[in-house]
Protein chains: 2
Amino acid sequence: MLPMATIRDVAKLAGVSVSTVSRVLNGGVVSPDTEARVNAAMKTLNYRPNRLAQGLVRQKTMIIGLIIPDITNPFFPAVARGVEDAAGAREYGVLLCNADWDEAKERFYLRRLEEQRVDGLVFAGPKLSTSVLAELPVPVVLIDRSYEGMDTVWTDNFDGARQAVSHLVSQGCSRIAHIAGPDSSPSARERLKGYQHALRECGREEDWVYIQEGDFREQSGYRAMKTLLALRRPPDGVFAANDLMAVGALRALEEAGVRVPGEVALIGFDGIALTEATRPRLSTVVQPAYELGRRAAELLFRRLEGDASPPEEVLLAAELAVRESSRRR
Amino acid sequence: MLPMATIRDVAKLAGVSVSTVSRVLNGGVVSPDTEARVNAAMKTLNYRPNRLAQGLVRQKTMIIGLIIPDITNPFFPAVARGVEDAAGAREYGVLLCNADWDEAKERFYLRRLEEQRVDGLVFAGPKLSTSVLAELPVPVVLIDRSYEGMDTVWTDNFDGARQAVSHLVSQGCSRIAHIAGPDSSPSARERLKGYQHALRECGREEDWVYIQEGDFREQSGYRAMKTLLALRRPPDGVFAANDLMAVGALRALEEAGVRVPGEVALIGFDGIALTEATRPRLSTVVQPAYELGRRAAELLFRRLEGDASPPEEVLLAAELAVRESSRRR
DNA sequence: ATGAAAGCGCTAACAT
DNA sequence: ATGTTAGCGCTTTCAT
């Protein structure tokens, strides 16, 4: 538990100057003989270079920030893991922040990360005005939300939703409902648009009456489905804007004794593990969550390495996974 | 995107010395008048104190490390969230590391965190020898594994397992199997012991022949259950050492057309969200994952505040959640 | 109440 | 090939 050795201690023990030690640390020219002595000294002192001090002079901390809404939400662990793997490979650390879909918290953590002088930032919070993000003194990559002039990586939510609805149509559904996400979420809005577009394409705008807004949580899917079932002519196909709400809808269906997919075909969005555990297994539009995180971090590192090309918008494909809850034929 | 203002810039603009600025920053004695001028200067320069520089002189970084096996494993997000909440409340940041149950990675990240001069560490990796952890120059709190002389917080795995088995007995099971976790996991070993103990208590050691070892993953639970079903006299009750393996077992049971809980009663361990999505819903022993993380972090902060009392072992209770997969009467 | 100056542990010119 | 030195941005005595 003694104070950690400094570069000075190493220098003294090895009988050289601190700059020589710094050189062996950072790969400068050093005679093999001194290098050996320095390394020996480092070992006996169990020396660890101080990243704070390095950061202060080099003006980089080798830390990036990651702001997400909530790591306990099943969509984000894979995102975080993707970011961490990309960072770890480059000797970067990741500072994790849970902002709870709360603008004040997003702001709070942003400030903290500024004070920490993180070298860059992956931001997956939906609330904070993008203009404040654009003014940050470090590169930022957005996840799941675009903004003119900033780097973004996101899933093609519009197309994913379109695929889901087309699939329901192909299964013979004639009244297709949508349990939408909160209007404040950019990706929820895209999914809603994709739903509307797909129906318009086959001349069925009248189904739009079956739109219910939820908040991405299981309970809201349950309630929305209850509402839909109480209609005079209930839908026979339901596209939920995320899996959690789809699971809630499934529960409502089950309680009402409605056969799935027989009477109502159901599909979700995200591709979380839960979808494989339900019976029937839940069809879903799989988001490449890990890739989302990894690509975002990799784009960030390209910026950190000096790439000054115009802002990129990386659009990752969503993939339809047809399982039991929507398969009728 | 201009370089961030320093304390010097603030001092100059406010017409005072840097030490005065530092005083208003840290609550020293300053005349109301100068304080106002300094604050104004900070605001116009959008000044953010540099935590690196502060850390270098104060010898603390306000960062703690968190080493876990894998954030995408459904048990850990809640743990991480607990740690983060406790840390955030004290203005600390959390550096997240995924060590993948891999000793080399645990070692690697440990080194990284040392270099980062984190003020302390919550360690949930199962592999690394505890003696190296005990020698760290900063306080460490272990999760889910105890070690003589170190702070630990963990779930009462032994008692949780005992509860699970007693419950199966009470449901009339006469041949109770255990799908164990890997022997390398301390908590898996405790659960196995709890299973054995409970059976011994009612004189049924003979059931021990029904022990199958898995690796905590879904697939291994599936395979273990297959093996058990192939037996001449298969078990009529199964306690899986975690929920993921229980889900796998459930799948095997379903494929074999075995009624659950009618012919085989099943119970898992952990209390992950998946257990509510299966049909039948999976009974389980709920671990207080969030609390595990929160308490670990809080114990760590007590140490950081100078508490030098003897090492603590915090044992959190596991709670039996009886759902459909094991309820027979 | 305020300022001057030393130093936290390191890197990066600049010398030699 | 190696050493000397001036900072990086801050806190903290010690003066005044």
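D:dG9 atom C1' lies 13 Å from atom CE of B:M42, rounded to whole Å. D:dG3 atom P lies 12 Å from atom CD1 of A:I7, rounded to whole Å. In this structure, CG of B:D9 is placed 10 Å from C1' of D:dG9, rounded to the nearest angstrom. B:N50 has its CG atom 10 Å from the P atom of D:dT11, to the nearest Å. When the C1' atom of D:dC10 is taken as reference, atom CD of A:E115 falls 13 Å away, rounded to whole Å. What separates CZ of B:R48 from P of D:dG9 is a distance of 16 Å, to the nearest Å. For the pair A:Q59 CD and C:dC10 P, the interatomic distance rounds to 17 Å; values are reported in whole Å. Distance A:L56 CG to D:dT11 P: 12 Å, rounded to the nearest Å.
A:L66 contributes atom CG, which lies 7.5 Å from atom SG of A:C97 (distance to the nearest 0.5 angstrom).
For the pair A:T34 and D:dT2, the criterion of a side-chain N or O lying under 4.0 Å from OP1 or OP2 is met.
Ionic pairing of B:R51 and A:E115 is present here: one or more N-O contacts between side-chain nitrogen and carboxylate oxygen are shorter than 4.0 angstrom. Ion pair B:R302/B:E305 not flagged as a salt bridge, since none of the NZ, NE, NH1 or NH2 atoms sits closer than 4.0 Å to an Asp/Glu carboxylate oxygen. Salt bridge status for B:E298 with B:R295: absent, with no side-chain N to carboxylate O gap under 4.0 Å.
Contacts between residues 16-32 of chain B and DNA chain C, counted as heavy-atom distances below 4.0 Å, involve B:V16, B:S17, B:S19, B:T20, B:R23, B:V29, B:V30, B:S31.
Crowding of A:R90 atom CZ: a count of heavy atoms from other residues, nucleotides or ligands under 6.0 Å exceeding 12.
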Please walk me through it: do B:D70 and A:R81 pass salt bridge (charged side-chain N to carboxylate O under 4.0 Å, His left out)?
CA-CA 8 Å; B:D70 183 7; A:R81 184 69 210 246; 2.9 Å; yes
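Between D:dC10, D:dT2, C:dA12, one nucleotide has an atom nearer to the side chain of A:R58 than all others, and that is C:dA12.
Side-chain contact annotation: B:N157 with B:S187, donor-acceptor N/O pair under 3.5 Å absent.
Place A:A53 and A:D33 on DNA chain D by their nearest nucleotides, and A:D33 ends up nearer the 5' end.
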